Amino acid sequence: MGRTPTPVTTPESLTFRSDVTVELVKSSASDADVLFAARVSTAGEQSLDELKKDPERSKGLINYLMRDRHGSPFEHNSMTFFISAPIFVFREFMRHRVGWSYNEESGRYRELQPVFYVPGTDRKLVQQGRPGKYVFVEGTPAQHEAVSSTLHESYEQAYAAYQKMLAEGVAREVARAALPVGLYSSMYATCNARSLMHFLGLRTQHELATVPSFPQREIEMVGEKMEAEWAKLMPLTYAAFNANGRVAP
């Protein structure tokens, strides 16, 4: 029996987005986790009592650990996020290796869906200055229109080429080579508070940061959403992170 041809996707069936999504799907993370890990140094097995106490009474210890960069107590917790973002965001994301685990959807094992990134009108488009000392400024309406129309056309052609190869019986892992990095993908990312703080220190801009960072806006959007979820889980640790210049311990 012959292979059933893959239906051809029309331009109208492509989806264009300018956002990212982050969902906290599982967590075991609290300020008490920092305290029992820290107090084992002096209290031994009695440090487990910290799990039954109000962490608020020991926020000074958390601040001390953060300030003096005693980092290992911040590793005894876990957060798993489900993230949907353009592929180019994930390629930056996976530069972060220590304290992170990743599993991303595979173009080898499933047909990739026609969902593509087009920057929103609030996305700064123009880079000014030399490498290492540049800023991004607003684009003109004409530039925004050029970006939008060019990307739409490129994505439509790329996805049509992908489907053509699939219809010819070409393996998904080969046909995906036609697809651009503006295609949306999804992944699970698991980290602890220490690794997340390091990520946020590099991938977000913040007025309290003592070390400036210049992230690409799209990965910063992911970082901001992850930060909001973490802040609710570990409010004392989050406050100490901000109070001490947003530098990972």
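The structure displayed is predicted, hence computed values, not measured ones. Keep in mind that the numbers below use all heavy atoms, side chains included, and drop hydrogens, waters and symmetry copies.
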Could you tell me if the ring centre of H152 sits under 6.0 Å from that of F116? no
Are the aromatic ring centres of F199 and W230 under 6.0 angstrom apart?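 No, they do not, as the ring centres are separated by 6.0 Å or more.
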Atom pair [atom1]/[atom2] of [X] and [Y] - distance to nearest 0.5 Å:
{"X": "L112", "Y": "Q163", "atom1": "CG", "atom2": "CD", "answer": "11.0 Å"}
{"X": "N242", "Y": "M66", "atom1": "CG", "atom2": "CE", "answer": "9.0 Å"}
{"X": "R69", "Y": "R194", "atom1": "CZ", "atom2": "CZ", "answer": "8.5 Å"}
{"X": "N192", "Y": "S28", "atom1": "CG", "atom2": "OG", "answer": "11.5 Å"}
{"X": "K124", "Y": "E138", "atom1": "NZ", "atom2": "CD", "answer": "5.5 Å"}
{"X": "E111", "Y": "R172", "atom1": "CD", "atom2": "CZ", "answer": "8.0 Å"}

Has the side chain of D31 got a donor or acceptor atom that lies under 3.5 Å from a matching backbone atom of T237?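 Judged by distance alone, yes, a pair lies under 3.5 Å.
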Has E220 got a side-chain atom pairing as donor or acceptor with T204's backbone, closer than 3.5 angstrom? no
Is there a side-chain contact between [X] and [Y] in this structure, where contact means two heavy atoms from C-beta onward sitting under 4.5 Å apart?
{"X": "I62", "Y": "F74", "value": "yes"}
{"X": "C191", "Y": "F81", "value": "yes"}
{"X": "L202", "Y": "H96", "value": "yes"}
{"X": "L151", "Y": "F16", "value": "no"}
{"X": "M187", "Y": "M94", "value": "yes"}
{"X": "M226", "Y": "I83", "value": "yes"}
{"X": "L24", "Y": "L233", "value": "yes"}
{"X": "V22", "Y": "M221", "value": "no"}

Under the side-chain hydrogen bond (donor to acceptor under 3.5 Å, both in side chains) rule, collect the residues that match up with Y117, sequence neighbours excluded.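 Listed in chain order: E218.
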As a quick check of understanding, evaluate side chain to side chain contact (heavy atoms under 4.5 Å, CB included) for T190 and S78, giving each step before the final call. CA-CA 7 Å; T190 299; S78 178; 3.5 Å; yes
Per the salt bridge (Lys or Arg N to Asp or Glu O under 4.0 Å) rule, what does the pair list look like for residues 232-249, sequence neighbours excluded? E227-R246, E229-K232
Same cluster for [X] and [Y] if Ile/Leu/Val/Met/Phe/Trp/Tyr side chains link at under 4.5 Å?
{"X": "V181", "Y": "L14", "answer": "yes"}
{"X": "M234", "Y": "V247", "answer": "no"}
{"X": "V115", "Y": "L179", "answer": "yes"}
{"X": "V135", "Y": "L125", "answer": "yes"}
{"X": "F82", "Y": "I219", "answer": "no"}

Would you find more than 12 non-hydrogen atoms of other residues, nucleotides or ligands less than 6.0 Å from R217 atom CZ? yes
Should we count NZ of K164 as having more than 12 external heavy atoms under 6.0 Å? no
Quick one: sort the Y162 and Y159 rings into parallel, tilted or perpendicular, breaks at 30° and 60°. tilted
Classify the ring geometry of Y102 against W100: parallel below 30°, tilted from 30° to 60°, perpendicular beyond 60°. parallel
Can you name the closest pair of heavy atoms from [X] and [Y] and give their distance?
{"X": "V126", "Y": "G139", "answer": "CG2-CA, 4.1 Å"}
{"X": "R108", "Y": "R176", "answer": "CG-NH2, 3.4 Å"}
{"X": "T140", "Y": "Q143", "answer": "N-OE1, 2.8 Å"}
{"X": "A175", "Y": "M165", "answer": "O-CE, 3.5 Å"}
{"X": "S185", "Y": "E105", "answer": "OG-CG, 3.4 Å"}
{"X": "A146", "Y": "T150", "answer": "O-OG1, 2.7 Å"}

Worked verdict on Y155 versus V118 for side chain to side chain contact (heavy atoms under 4.5 Å, CB included): CA-CA 10 Å; Y155 292 151; V118 176; 4.0 Å; yes
Does the distance from a Lys or Arg side-chain N to an Asp or Glu carboxylate O, for K59 and E56, drop under 4.0 Å? yes
Would you please test L61 and R39 for side chain to side chain contact (heavy atoms under 4.5 Å, CB included) and show each step? CA-CA 10 Å; L61 174 58; R39 287 210 159 102; 3.7 Å; yes
